[in-house]
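Since we're looking at a predicted model, the values are computed, not measured. Per chain, numbering begins at 1; letters A, B, ... match sequence-line order.
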Amino acid sequence: MESTINSGDTAWVLTSAALVLLMTPGLALFYGGMVRSKSVLNMMMMSFGALALVSVLWVLYGYSIAFGDDVGLGLIGDPTQYLGLEGLMAEAEGASLPPMAFVGFQAVFAIITVALISGAIADRAKFGTWLVFAGLWATVVYFPVAHWVFDFSAGEHVGGWIANDLVAIDFAGGTAVHINAGAAGLALALVLGRRRGFGREPMRPHNLPLVMVGAGLLWFGWFGFNAGSALAANNLAAVTWVNTLVATAAAVLGWLATERVRDGHATSLGAASGVVAGLVAITPACSSLSPIGSVALGLVAGALCALAVGLKYRFGYDDSLDVVGVHLVGGLVGTVGIGFLATASAPAGVSGLFYGGGADQLWRQALGAFAVLTVSFVATYLIGTVLQRTVGFRVEEEDELGGIDLSAHAEQAYDLHSAAGGPAGPALEPAIQVTAHKAVAGVGARERSHQEERTSA
Amino acid sequence: MESTINSGDTAWVLTSAALVLLMTPGLALFYGGMVRSKSVLNMMMMSFGALALVSVLWVLYGYSIAFGDDVGLGLIGDPTQYLGLEGLMAEAEGASLPPMAFVGFQAVFAIITVALISGAIADRAKFGTWLVFAGLWATVVYFPVAHWVFDFSAGEHVGGWIANDLVAIDFAGGTAVHINAGAAGLALALVLGRRRGFGREPMRPHNLPLVMVGAGLLWFGWFGFNAGSALAANNLAAVTWVNTLVATAAAVLGWLATERVRDGHATSLGAASGVVAGLVAITPACSSLSPIGSVALGLVAGALCALAVGLKYRFGYDDSLDVVGVHLVGGLVGTVGIGFLATASAPAGVSGLFYGGGADQLWRQALGAFAVLTVSFVATYLIGTVLQRTVGFRVEEEDELGGIDLSAHAEQAYDLHSAAGGPAGPALEPAIQVTAHKAVAGVGARERSHQEERTSA
Amino acid sequence: MESTINSGDTAWVLTSAALVLLMTPGLALFYGGMVRSKSVLNMMMMSFGALALVSVLWVLYGYSIAFGDDVGLGLIGDPTQYLGLEGLMAEAEGASLPPMAFVGFQAVFAIITVALISGAIADRAKFGTWLVFAGLWATVVYFPVAHWVFDFSAGEHVGGWIANDLVAIDFAGGTAVHINAGAAGLALALVLGRRRGFGREPMRPHNLPLVMVGAGLLWFGWFGFNAGSALAANNLAAVTWVNTLVATAAAVLGWLATERVRDGHATSLGAASGVVAGLVAITPACSSLSPIGSVALGLVAGALCALAVGLKYRFGYDDSLDVVGVHLVGGLVGTVGIGFLATASAPAGVSGLFYGGGADQLWRQALGAFAVLTVSFVATYLIGTVLQRTVGFRVEEEDELGGIDLSAHAEQAYDLHSAAGGPAGPALEPAIQVTAHKAVAGVGARERSHQEERTSA
Amino acid sequence: MRLVTAVVKPHKWDEVREALETFGVTGMTVSEVSGYGRQKGHTEVYRGAEYDVALVPKIRLEIVVDDADADDVVGIIAKTAQTGLIGDGKVWVQPVESVLRVRTGERDEAAL
Amino acid sequence: MRLVTAVVKPHKWDEVREALETFGVTGMTVSEVSGYGRQKGHTEVYRGAEYDVALVPKIRLEIVVDDADADDVVGIIAKTAQTGLIGDGKVWVQPVESVLRVRTGERDEAAL
Amino acid sequence: MRLVTAVVKPHKWDEVREALETFGVTGMTVSEVSGYGRQKGHTEVYRGAEYDVALVPKIRLEIVVDDADADDVVGIIAKTAQTGLIGDGKVWVQPVESVLRVRTGERDEAAL
Ligand SMILES: Nc1ncnc2c1ncn2[C@@H]1O[C@H](COP(=O)(O)OP(=O)(O)O)[C@@H](O)[C@H]1O
Ligand SMILES: Nc1ncnc2c1ncn2[C@@H]1O[C@H](COP(=O)(O)OP(=O)(O)O)[C@@H](O)[C@H]1O
Ligand SMILES: Nc1ncnc2c1ncn2[C@@H]1O[C@H](COP(=O)(O)OP(=O)(O)O)[C@@H](O)[C@H]1O
């Protein structure tokens, strides 16, 4: 068999997959900088944990559920079809992409979707339970929904219902990734309840430059997410690239303008959040809008998300890092926005309401969004509740107050003092003593990080 | 029409464009780490703000001014030609690159050039005025100068004078980007005046690891900047890639050696600055030098820039983060250095003075550099002065002393203490109280972040 | 001559080279975050210094030693063959890659291998001596070993013995890079001796989020390292990409599980270390394993490395940042693991012991690993000892205690206080005074950063 | 006048401040300190080595008060900062000879 | 001997130090603290929620001096630290029974 | 009772703490401060401009003790914190009128 692999397309998809992989560490920084310094490590670990676990599940059965032949109604792929991926190590007849390039590219989408959810439950989730949740949620919610949205029928292969039957446009995952994660975040925030002090203490971001680094890496990686979804280095990829740039830029302007008018100041947290809001909104829409349409979508998404992040105070759910306000709302703006702003001159070739296309595409978009939102919310609520009632999902109050980094990971993020440090930073370092080196001896598990002894003398 | 798109070239240009996009957040870190902790957010916001605004202008008319058909004398492209970029969503007949790939690649050049300027006016510029300046400067200075340097005539299309009439070599933007931004930085530093305490207080970098992260990301992104400017994944791209590596490496050695001899210590700030100095110098030259020539250029650039950053103390202008010392000087070294070090065996095929090519290329390089320097300095000085006299460019003294992050953005970069933090970091956190949740209510603009009340009881 | 360059392959190799370049700053962060705040800059400078120096040596003679025609026994290439690389600026007849693409890609491998070693000697190496060591080690150890492992014979060209005679599989550098650096780290840790307070004071990482950023960038860059080693954008690259993802993910799980069982907590330092351990192990093996084999390898590597990092306490060598525990052990696991886990259905087409291939590949792997380990250890020990006895390698005790950032670089990493900073961070800033601006005057070298005067009044 | 110095748990500081404000204390100086005492710190684990961190974070308040108010202030702190668990902290009182308000040059009682 | 404790605005610390140095004070101990008083902090805005930060950064100086110098030292601080705006800070004086220089074992006046 | 305040070099703090523990001191309050004195700071170089950093990091201990123990505590600190080099620090003793343990409400000697 002669190879039909297109090296340029392969280069672009592999590059894009690496870019999307980087988004998860980027998200860890974005989220990590936003929490208080006593829980930054746990925040980052939720992303890294999801990265590790979901990758392995993807190999085992995840890819099969998402991209295996449909086993009925467009709802789920055959989970055993590619078990272990052994069969995908060789080129496929006539294909221009190596199968593994697609496998890798889609793996990183599954990873980041799960990681996104963690922002809703900052500072208060048991790490072990989070991992269990991540595995269950990926299996029960993400893999099937990816099948619905991303698995196009081709030849003998039958894919998912949203892509093929409803024919809603979701170029890179407005429904499967963002609405999905956003709805799950809302459900989980409700299951776990509010943090101690929510709405009373400020809980300011402890490290805004870290948030900005994260936003920068996310933007960078998102070019792989969106333009890589063309699965080829072609004109379509180039158009989506530019739309991804300008919609995001416009969303930053939209968010900052909203803050300036409402609060009197444009904040850097707002700029970073605007980046993400814009990226979320353009994700489903980047193939169907013109650059000007993208600017419009970005402005709307930036402004609406800036308003939406305040809703949690009004309704009293503690969506700690605004997964709902940014990903759910931004995902809805993008997915439904296609129904209004799509222009036939864009690669997708569909006209929305504002471009004379009527409401046909609009209802498809709305229905796809609604389906994913509902399923994700309900399933997540169930999974979360079961976990909370059985193994427990929320940490003890004292661990939350004392800092989850210490109680869950026996670590603290920063130790910025040095024995002969700076003019203003001397140190108490030697006060810490190494009492034992258990590394090799390995005396087994222990739970000794009590902050306070419970005896009152 | 059959597609003539080369997928490999497209993959490389899209990848390069993403790399260059990353340079702006990278620059935000590089600059942000160098200022004091009370102004890091504002520093980063100047980069992110430029990113957002210039992207949108690029779509509207920027690309047209830079790459539209020349409207006379090679000075400016037709600003209305590609208004909104609607017409560039389809492949062009016979082209190997999608039009939007080039649009995106050039967009990120415009963005970073504007962002570079902000380093000269750290800690003291009104954020709103900075945004206005960024928009005006991009429109009046960058877009036309990009036309001069980057817009090559082809077929019916007539481009800019430096590229086509003067035929100075500027492969990736020594004049259009670095000399341009450096001269603008100098002008703006003069317009805004010195920071309180300049030359008296040290104003040390508050976070050198952040500076190093920034330098690392800049170097990484710069491979897109330089090698991507080949606009194809070919031999030329590979040669420029290697020259970009080695010139930068040599510049780090040159800078560190200069510091070691002069001050007794090689600093990490010096290494990070050497990275940027080398990258700046090789930018115009990477297609016309051999690797050995690149090493030589890098050594000279590193040493000269290390000396040049001290000039501001001698002449008394507060170019806070050395935009002049690094970008203007480095840009001149690279642009004029081509006239000496160009070798015919390099892809550009031109010989400089040292390689027996006489002074022909040298005067072209010098003239190109001089033209951009002069125009940029004069235009920037005018724009800056007008803004200062009308809306005001410099912040109030109390805002500068109290920290521009707080006064302009109502934020502080770090809050590294936690209620039950580490041995050395307990906290005053609860002392901060949430008084109102205006998010939804939205009571309109307010200016309440006074540090001190003006009443003396 | 018509160009035979494949643009897709070129795009992928140039992208990969840039990704690998980014690994060195990434390593600087990973290492920098793990040391105490008084030595983070020095730690980062060792990486940046290696980056700068080795790049220049590569141009001069390094590439020739590694990839020049063998001058005998497969041990070393002709050091003069490509002196200055002048001859490689043109395309080679019939080649699908530009020569410089390969030059650049291999350059960044040399750089990071040297940088890796520095983790073993944190906090206590003279910076000047480190640079001398880096140059000597690259010349005497790395360039030849790269010839052994990476230089395949082709046509007239004769390469190195491990690649061509022993035919051990080392796809992307398990021996040449990781075992090599790990053994060198061990030797150097022995030569320099333990840090003051080793095993008594904790020496905790001062900035774990920085460690996580570094781990994220390393993972991202490593896709270039491994999948780029296919030197083409083809099916092989795609398979190695996926294996790189899943082995690493599994190693994180392996490391965290080990910690959880042994210490009761899964730490973020463990997650970051697991990332690197997995990447190291899959490096040689990514072309010869199935995804399931990669998961198995990753789990083993994660668990074994997690145990191995404790060995230094048992044996008393101060491998400060666990270069031995992660790179030597991980490299051995990966290199030797191929002998067990290789499957003929993977691109390399070789079967290991567990897949019915017998012990043939196993002894080749073991021998290759052993050869590199021994040569690297012995040569490094010699170089280190000579340097220590002549110019001195270890810093003075007082400089170590006072912090090497200050003594070697006259800098401190952080200055997080601002004159009107936060509620908890006021400042002593004005207490620092600029006494002189020597920048231009340039009064020559001086050594004035004494922490304490030696007179007792 | 008296100087009341109190070392309390960080999460109690806000309550203490509010109670003192209600009582009429108009100013104080606050710093972050580390306490060493019966209350032990915590254990951190790094790569198999275990570290005991001996210090616990505390907030230290310095309040200069009229002689007459000293006992009340101590009492208020004692009440609001109490959790009954080890590590609640200490309060001590010392004599002060004179106080000055920098802004106005006012002295002693008038300076508070 | 006396212990003079002064809480001043951060940007005044350098001036105060210079004036004290000129006067002949050879040493002091400096720390970063947060002040709570008439001077209010600032307001920060996050995602539409507003936070009042009640504390303001201050510098605290501790200077042990001869009895004879105490008044002068207070006077110098009072003068150099003054801006006339709310929040200029406080200075208070307390008795000290003995002082020791660790390096030499010298006591009291000789230890300063 | 007495308040012993000691300013010592950071790397000596651990030794001091151990010696005090052995002697029977069960608690203290520790903070990071900057010292200004005979010991000069260091010089940093940035881009050719040189900065003198005047302050050196120190650790400050506050220990409330029984009157009877004050001299011993001072003596122990003096001995263990000494290196003989400039900048070893100072120790001073002040009167304390009353002490309270927040947890139990115990007073004075019982509160230590
Ligand atoms: N003798 C002392 N002098 C100064 N501060 C002390 C002294 N003893 C205890 N402290 C402070 O009081 C805090 C609480 O003391 P601790 O012994 O832990 O609990 P408790 O007061 O409940 O018995 C300590 O963390 C320390 O800051
Ligand atoms: N009673 C007090 N005890 C200790 N420190 C005080 C007291 N009152 C004020 N301070 C300190 O003095 C600073 C200035 O006080 P403030 O009331 O804001 O202004 P002013 O002294 O100008 O009236 C406060 O920030 C606080 O640090
Ligand atoms: N008069 C003083 N009042 C308070 N603290 C002082 C005084 N003089 C010195 N100190 C503190 O003691 C430390 C050591 O003093 P220094 O003069 O440097 O050395 P030495 O005590 O060995 O002569 C200083 O850093 C400072 O913190």
So which atom in [X] and which in [Y] form the shortest heavy-atom distance, rounded to 0.1 Å?
X	Y	result
Met89(C)	Pro291(B)	SD-CD, 3.9 Å
Ser345(B)	Glu86(C)	OG-OE2, 2.8 Å
Leu416(C)	Ser37(B)	O-OG, 3.2 Å

Top contributor to chain B interface from [options] [non-hydrogen pairs under 4.5 Å]:
options	result
Pro25(C), Ala101(C), Ala90(C), Ala52(C)	Ala52(C)
Phe102(C), Tyr414(C), Phe127(C)	Tyr414(C)
Gly87(C), Gly84(C), Gly8(C)	Gly84(C)
Asn207(C), Asp9(C), Leu41(C), Leu131(C)	Leu41(C)
Ser7(C), Ala28(C), Ser3(C), Pro99(C)	Ser7(C)

Can you say whether [X] sits under 4.5 Å from chain B via the side chain, the backbone, both, or neither, judging by heavy atoms?
X	value
Ala107(C)	side chain
Leu210(C)	side chain
Leu51(C)	both
Glu411(C)	side chain
Val213(C)	neither

Report all side-chain donor-acceptor pairs from residues 13-24 of chain C shorter than 3.5 Å, counting only partners two or more places apart or in another chain.
{"from": "Thr15(C)", "atom 1": "OG1", "to": "Ala11(C)", "atom 2": "O", "distance (Å)": "2.7"}
{"from": "Ser16(C)", "atom 1": "OG", "to": "Trp12(C)", "atom 2": "O", "distance (Å)": "2.8"}

Among Val275(B), Asp405(B), Thr267(B), Ile292(B), which residue has the highest count of heavy-atom pairs closer than 4.5 Å to chain C?
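Option with the top pair count is Thr267(B).
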Please identify, among Gly298(B), Pro209(B), Ala271(B), the residue contributing the most non-hydrogen atom pairs under 4.5 Å to chain C.
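Ranked by heavy-atom pairs under 4.5 Å with chain C, first place is Pro209(B).
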For residues 246-256 of chain B, run the donor-acceptor check on the side chains, cut-off 3.5 Å, and write out each pair with its distance to 0.1 Å, sequence neighbours left out.
{"from": "Thr248(B)", "atom 1": "OG1", "to": "Thr244(B)", "atom 2": "O", "distance (Å)": "2.6"}
{"from": "Trp255(B)", "atom 1": "NE1", "to": "Glu259(B)", "atom 2": "OE2", "distance (Å)": "3.3"}

Counting only pairs under 3.5 Å, give me each side-chain donor-acceptor contact of residues 42-50 of chain C, with atom names and distances, residues two or more places apart or in other chains.
{"from": "Asn42(C)", "atom 1": "ND2", "to": "His409(C)", "atom 2": "NE2", "distance (Å)": "3.1"}

Distance (rounded to the nearest 0.5 Å) between Asp415(C) CG and His206(B) NE2
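Going from the CG atom of Asp415(C) to the NE2 atom of His206(B) covers 9.0 Å.
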With a 4.5 angstrom heavy-atom cut-off, could you sort out which part of Ala227(B) is near chain C: side chain, backbone, both or neither?
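Ala227(B) has no heavy atom closer than 4.5 Å to chain C.
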Heavy atoms under 4.5 Å from chain C: which residues of residues 215-222 of chain B carry them?
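Within residues 215-222 of chain B, the residues that come under 4.5 Å of chain C (heavy atoms only) are Gly216(B), Leu217(B), Trp219(B), Phe220(B).
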